[in-house]
Amino acid sequence: MTDTTTTGIGSTSRPDADTSTLKGRTGAGAPAPTRGKTSIADGVVAKIAGMAAREIPGIHNLGGGMARAFGAVRERVPGSGDGVTRGVKVEVGERQAAVDLDVVVEYGVSIVEVTGDVRDNVIGSVERMTGLEAVEVNIAVDDVHLPDEEEPEPEEDRVR
């Protein structure tokens, strides 16, 4: 005597019985995730990746030298954005995303450990927030920030 238990919607003895029978259904009876398409813009993934990279201790800044210089000028222009995506490039497909980061690390940290932590955090954040598979996170370390190097402050009141 064989004991079989069948549960779920539309369970049958077909070989493909473990696949959902709701696939392809539309209308009021279909589950909500199948009632449309969600697309995620490259800029959304870039912001997520930029914020996730900045959360890691040992990351001083994102962007190469020229990108940081242009970003500093751009940040002074009202309405130009917050620079979260500076140093971040992404390619987003239907189910996957690839991220390229340009970073500046603090002097004295292990670059291998910091970039590993950045990669883990970016992959986790992108996949958790978007549902996309982060297939690669490439990191270019462009500079090391020394303790005595301070970024120039914007000079608001040059003439007094």
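Values in this document were obtained by computation on a predicted structure and should not be read as measured data.
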Taking the side chain from Arg54 and the backbone from Val84, do they hold a donor-acceptor pair closer than 3.5 Å?
yes

Spell out, as yes or no, whether a donor-acceptor pair under 3.5 Å connects the side chain of Asn121 to the backbone of Ala52.
yes

On a heavy-atom basis, the closest approach of Ala97 and Leu132 is CB-CD1, 4.2 Å

Closest heavy-atom pair, Val99 versus Ala49, reported as atoms and distance to 0.1 Å, is CG1-CB, 3.9 Å

Return yes if some donor-acceptor pair links the side-chain N/O of Arg119 with the main-chain N/O of Val137 below 3.5 Å, else return no.
yes

How long is the gap from CD on Glu136 to CD on Glu91, to the nearest 0.5 Å?
8.0 Å

Between Thr130 and Val45, what is the shortest heavy-atom contact and its length?
CG2-CG2, 4.3 Å

What about Leu146 and Val103, same hydrophobic cluster or not, with Ile/Leu/Val/Met/Phe/Trp/Tyr joined at side-chain heavy-atom distances under 4.5 Å?
yes

Between the CD atom in Gln96 and the CD atom in Glu133, the distance rounded to the nearest 0.5 Å is 4.5 Å

State yes or no: do Val135 and Val44 share one hydrophobic cluster built from I, L, V, M, F, W and Y residues joined by side-chain heavy-atom distances below 4.5 Å, directly or via other members?
no

Contacts of type side chain to side chain contact (heavy atoms under 4.5 Å, CB included), residue Ala53, not counting sequence neighbours
Leu62, Leu101, Val118, Val122

How far apart are the closest heavy atoms of Ala46 and Val88, and which atoms are they?
O-CG1, 3.7 Å

Measure the CZ-CD1 distance between Arg128 and Ile123 for me, rounded to the nearest 0.5 Å.
13.5 Å

Tell me if a side-chain donor or acceptor on Glu127 pairs with a main-chain N or O of Ala134 at a distance below 3.5 Å.
yes

Nearest 0.5 Å, what's the CG-CG distance between Asn61 and Asp142?
10.5 Å

Between side-chain atoms of residues 110-117 and protein atoms elsewhere (two or more places apart, or another chain), which donor-acceptor pairs fall under 3.5 Å?
residue : atom : partner : partner atom : Å
Ser110  : OG   : Glu113  : N            : 3.3
Thr115  : OG1  : Ile111  : O            : 2.8
Thr115  : OG1  : Val112  : O            : 3.2

Among all residues two or more places apart in sequence or in another chain, which pass the side chain to side chain contact (heavy atoms under 4.5 Å, CB included) test with Asp100?
Lys89, Asn138

